[in-house]
2 protein chains.
Amino acid sequence: MKIGELSRATGTNIETIRYYERIGLLKAPARTSANYRAYDDLHRTRLAFVRHSRELGFSIEEVRSLLDLVDNPERECSQADQIATRHLAKVEKKIDQLITLRGELSQIIGRCRGGVAADCRVIESLADHTMCHRDHV
Amino acid sequence: MKIGELSRATGTNIETIRYYERIGLLKAPARTSANYRAYDDLHRTRLAFVRHSRELGFSIEEVRSLLDLVDNPERECSQADQIATRHLAKVEKKIDQLITLRGELSQIIGRCRGGVAADCRVIESLADHTMCHRDHV
DNA sequence: TCTACACCCTGTAGCAACTACAGGGTCAAG
DNA sequence: CTTGACCCTGTAGTTGCTACAGGGTGTAGA
């Protein structure tokens, strides 16, 4: 499988595949006589794992740790669970933050009654943080 | 006001203030004889506006457009409203995505029953996207 | 007066996680 | 024999900062 096929098979940008190889997330594949990368099914599986993990929001370093567990099946599963649990906590925190944000934003937008910028309630709200009812990060 | 005072007054990192000046978000202030930046209250207000906008998740370019409206008070307020409304839509989309993500993650985590990585359901789920009930980005 | 220390300056490099070239080589079809 | 699709390496750009390195300035105490 050449890099273009792997790219199509996994929905991953070619540059991204090469990037993953460069940072050591994917092992370097064999090369053809023309120096083209030649991938096999194991590479495809591994890349799919990486992509899926990334889609779920795991960082590259987290993916690296997860791949480490894949490569060492005798190790404790609890490590994977810990990574996932911590990530879930981050996601939940982010959701909370964004919901707060959404509240602030709709309040600010709701104040707009048209006219010129000089009288703009949106701009006024942005200038004056004390108008906010809640804190935001 | 020297940069350190402005930094404390607005809760902004000194490096960040200089960065904002470099990218033209803040106007370059006057300098003292020792070549120190000398800020006044207008600078403080402007930086507070920038910080608040950034806290609300507006991009630097969006902040730039908003500042443009501040500097041209005769312009239509609807531009500010448009920027904010578009941003709100982005925030709402992100919330939806994260909620989907949260669902996927808790499902994956819920499957963990301990043991070694070879039998790990978390890793299994990451390897096999087809187990997901919903799509994720 | 010396010196310690907090503060300021510029310029550049680093972070995450890619993405986008530039400038070349390879290979099969028409 | 040329066109076009594909591949290669290496480097620079993206966003929004943050972190130095290697200097200068200003003031308080010994």
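Just so it is clear: chains get the letters A, B, ... in the order the sequence lines come, proteins before strands, and each one is counted from 1. Note that the structure is a prediction, hence the values are computed from the model and not measured. These values consider heavy atoms only, across backbone and side chains, with no hydrogens, waters or symmetry-generated copies.
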To the nearest Å, how far apart are A:Glu15 CD and D:dG10 P? 14 Å

Could you state the CG-P distance from A:Asn13 to D:dT14, rounded to the nearest angstrom? 18 Å

Quick check against the 3.5 Å criterion: does B:Arg46 have a side-chain atom that pairs as donor or acceptor with the backbone of B:Val50? no

As a quick check of understanding, evaluate salt bridge (charged side-chain N to carboxylate O under 4.0 Å, His left out) for B:Glu5 and B:Lys2, giving each step before the final call. CA-CA 5 Å; B:Glu5 295 166 76; B:Lys2 280 190 282 183; 5.5 Å; no

I want to confirm an ordering. Mapping A:Lys2 and B:Ala34 to their closest nucleotides on DNA chain D, which one lands closer to the 5' end? A:Lys2

In whole angstroms, how far is the P atom of D:dC6 from the CE atom of A:Met1? 16 Å

What is the distance from CG of B:Leu47 to C1' of D:dC17, rounded to the nearest Å? 14 Å

Determine the contact category for B:Ile23: base if any of its heavy atoms lies under 4.0 Å from a base atom, sugar-phosphate if only primed atoms, P, OP1 or OP2 are that close, otherwise nothing. nothing

For B:Arg51, report the nucleic acid contact type (base, sugar-phosphate, nothing); a contact means any heavy atom under 4.0 Å. sugar-phosphate

CG on B:Leu47 to CG on B:Leu6, rounded to 0.5 Å: 5.0 Å

May I ask you to say what A:Ser59 touches in the nucleic acid, namely base, sugar-phosphate or nothing, with a heavy-atom cut-off under 4.0 Å? sugar-phosphate

Under 4.0 Å, counting only non-hydrogen atoms across every strand here, what does B:Arg18 touch: a base, just sugar-phosphate, or nothing? base

Taking B:Asp40 for the side chain and B:Leu42 for the main chain, is one N or O donor matched with an acceptor at less than 3.5 Å? yes

Looking at A:Arg22, does any N or O in its side chain come under 4.0 Å of the phosphate oxygens OP1/OP2 on D:dT11? no

Atom-pair distance (CD1 on B:Ile3; P on C:dC7), nearest Å: 13 Å

Output the single nucleotide from D:dT18, C:dA17, C:dT10 whose closest atom is nearest the side chain of B:Arg37. C:dT10

Of A:Tyr20 and A:Thr32, the one whose closest nucleotide on DNA chain C sits nearer the 5' end is A:Tyr20

Donor-acceptor pair under 3.5 Å: do we get one between B:Tyr36's side chain and the base of D:dG26? no

